[in-house]
Amino acid sequence: MILMLFNEILQIIEEQLHKCGYKRDLDVSELYLGRTGLKEVTDLSRFRMLKFLWLNHNKITRITCLANNWRLSELYLNNNEICDITGCLKHLTSLHTLLLNNNRLANLQATATELKGMTNLQVLKVVQKERDNAFKIFNPERTAVIQSLGFGRRTDSVLAMKSASKSSLRKSAQSSGNQGSVYSKPPDALEALLLRTNQRSVVQFSLVDWTKIPSAKQTNKSRTEEQSLDKPQLLTVEFQ
């Protein structure tokens, strides 16, 4: 079964080489293996000059075929079933384009660690859900601020509240001494409860009646006749 699969992969590769007119392995700089139904890919080390590789829209679950393809600059792995790329791509330091969207990469932090050393990477295709999850992992404080915002203008700081809540909890714990806590919830749950309670942002809206704003013609007329126009009233509303 394994031998049959290996032969099938080799046959697909040879067909693509024939279509492109390649006669020597060293001449191969581009290789398209997308949409071929591949579940695995045989080692591609024979193509030392390979720079562009398409493996997209297959059923590939792991990447073990690129150990010696150092010159790869574009790699398309999108729309597969890849679960983990740890140890598979970090040596490809010449990559500037990498598409990984629509796979099964569950550990986003491990994925980011694998890609960290790719200093030439310019294009990394991810879906919006993956982008949001990455933002939450690597920007927790900004995420907390954004989640506390609705619309309008904030007049407080969620991070300051968080710090104040922690400080008050510590003081409460110190004053209670050995008498035990009056709360049945653990400290983490209590802190989260206080934080949610106190983090309601004060939102401020300013309204103006535009029907009372003088037109350019009226303004010029008042200047000519040296008349003063009433200033429009600004209505400000704050709520929490």
Side-chain angles (χ1 to χ4, degrees), residues 1-139 143:
M1 182 65 181
I2 297 177
L3 183 60
M4 290 179 59
L5 180 61
F6 180 77
N7 291 333
E8 181 182 348
I9 296 171
L10 285 180
Q11 182 179 356
I12 293 174
I13 293 176
E14 293 301 324
E15 288 176 356
Q16 293 298 321
L17 295 179
H18 179 71
K19 287 181 181 179
C20 296
Y22 292 123
K23 295 183 179 180
R24 300 187 309 162
D25 291 347
L26 287 176
D27 296 332
V28 179
S29 60
E30 300 182 7
L31 186 59
Y32 182 81
L33 299 174
R35 301 179 185 275
T36 53
L38 291 174
K39 294 182 179 180
E40 290 189 22
V41 182
T42 186
D43 185 36
L44 300 177
S45 297
R46 55 189 275 208
F47 307 117
R48 295 297 179 92
M49 306 304 292
L50 187 62
K51 292 184 177 180
F52 309 96
L53 177 61
W54 288 265
L55 294 171
N56 54 291
H57 291 84
N58 284 303
K59 299 178 181 179
I60 300 171
T61 58
R62 58 180 181 169
I63 303 297
T64 58
C65 57
L66 305 174
N68 296 305
N69 300 103
W70 310 95
R71 290 182 173 85
L72 267 177
S73 58
E74 295 186 15
L75 177 59
Y76 301 88
L77 295 170
N78 51 297
N79 297 88
N80 276 287
E81 299 178 5
I82 302 171
C83 300
D84 188 16
I85 61 170
T86 303
C88 301
L89 302 177
K90 61 183 178 182
H91 63 288
L92 304 177
T93 54
S94 297
L95 270 182
H96 63 71
T97 300
L98 174 63
L99 269 62
L100 278 169
N101 54 298
N102 296 323
N103 276 285
R104 298 183 178 180
L105 297 171
N107 192 335
L108 186 60
Q109 193 159 4
T111 301
T113 301
E114 180 72 12
L115 305 179
K116 189 176 181 180
M118 297 182 181
T119 55
N120 292 321
L121 197 60
Q122 299 176 8
V123 179
L124 176 61
K125 181 69 168 63
V126 295
V127 297
Q128 187 60 42
K129 182 179 179 180
E130 294 167 339
R131 191 190 306 273
D132 294 340
N133 289 338
F135 186 85
K136 292 177 181 178
I137 291 173
F138 297 104
N139 298 275
T143 300

- [ ] Return yes if some donor-acceptor pair links the side-chain N/O of Asn120 with the main-chain N/O of Thr93 below 3.5 Å, else return no.
- [x] yes
Task: Audit row: Leu53, Glu30, side chain to side chain contact (heavy atoms under 4.5 Å, CB included) steps and yes/no - done: CA-CA 6 Å; Leu53 177 61; Glu30 300 182 7; over 6 Å; no
- [ ] To the nearest 0.5 angstrom, please state how far the CG atom of Asn56 sits from the OG1 atom of Thr36.
- [x] 9.0 Å
- [ ] Keeping the roles fixed (side chain from Glu74, backbone from Lys51), state whether a donor-acceptor pair exists under 3.5 Å.
- [x] no
Task: Side chain Asn103, main chain Leu77, donor-acceptor under 3.5 Å - done: yes
TODO: Taking the side chain as every heavy atom from C-beta outward, state whether Leu89 and Met118 have any atom pair closer than 4.5 Å.
DONE: yes
- [ ] To the nearest 0.5 angstrom, please state how far the CD atom of Glu14 sits from the CD atom of Gln16.
- [x] 10.5 Å
Open item on the list: For the backbone of Cys88 and the side chain of Glu114, can you confirm whether one donor and one acceptor N or O come within less than 3.5 Å of each other?
Closed with: yes
- [ ] Evaluate the ring planes of Tyr76 and Trp54, with Trp represented by its six-membered ring, and classify them as parallel (under 30°), tilted (30 to 60°) or perpendicular (over 60°).
- [x] parallel
Open item on the list: For the backbone of Asp84 and the side chain of Asn107, can you confirm whether one donor and one acceptor N or O come within less than 3.5 Å of each other?
Closed with: no
Open item on the list: Keeping Asp25 on the side-chain end and Phe47 on the backbone end, is there a donor-acceptor pair under 3.5 Å?
Closed with: no
TODO: Drop me the distance from Leu33's CG to His57's NE2, to the nearest 0.5 angstrom.
DONE: 14.5 Å
Open item on the list: Donor-acceptor pair, distance only, cut-off 3.5 Å: does the side chain of Arg71 make one with the backbone of Arg48?
Closed with: yes
- [ ] With rounding to the nearest 0.5 Å, note down the distance linking CG in Leu95 to CH2 in Trp70.
- [x] 12.0 Å
Open item on the list: Between Thr97 (side chain only) and Val123 (backbone N and O only), is there a donor and an acceptor less than 3.5 Å apart?
Closed with: no
Open item on the list: Can you give me the closest heavy-atom contact between Ile9 and Glu40, atom names plus distance?
Closed with: CD1-O, 3.1 Å
Task: Trace of the side chain to side chain contact (heavy atoms under 4.5 Å, CB included) decision for Leu75 with Asn69 - done: CA-CA 11 Å; Leu75 177 59; Asn69 300 103; over 6 Å; no
TODO: Start with the C-alpha distance between Leu98 and Leu92, add both sets of side-chain angles, then the distance that settles side chain to side chain contact (heavy atoms under 4.5 Å, CB included), and finish with yes or no.
DONE: CA-CA 11 Å; Leu98 174 63; Leu92 304 177; over 6 Å; no
- [ ] Any chance you could measure Glu8, atom CD, to Thr42, atom OG1, to the nearest 0.5 Å?
- [x] 12.5 Å
Open item on the list: Rounded at 0.5 Å granularity, tell me how far CD in Glu81 sits from NZ in Lys39.
Closed with: 8.5 Å
TODO: Can you spot which of Asn58, Ile12, Ile60 makes a side chain to side chain contact (heavy atoms under 4.5 Å, CB included) with Val41?
DONE: Ile60
Task: Test item: Asn80 and Thr61 side chains (from C-beta on) under 4.5 Å apart, heavy atoms - done: no
Open item on the list: Pair His96, Ser73 - check side chain to side chain contact (heavy atoms under 4.5 Å, CB included), show working.
Closed with: CA-CA 5 Å; His96 63 71; Ser73 58; 3.6 Å; yes
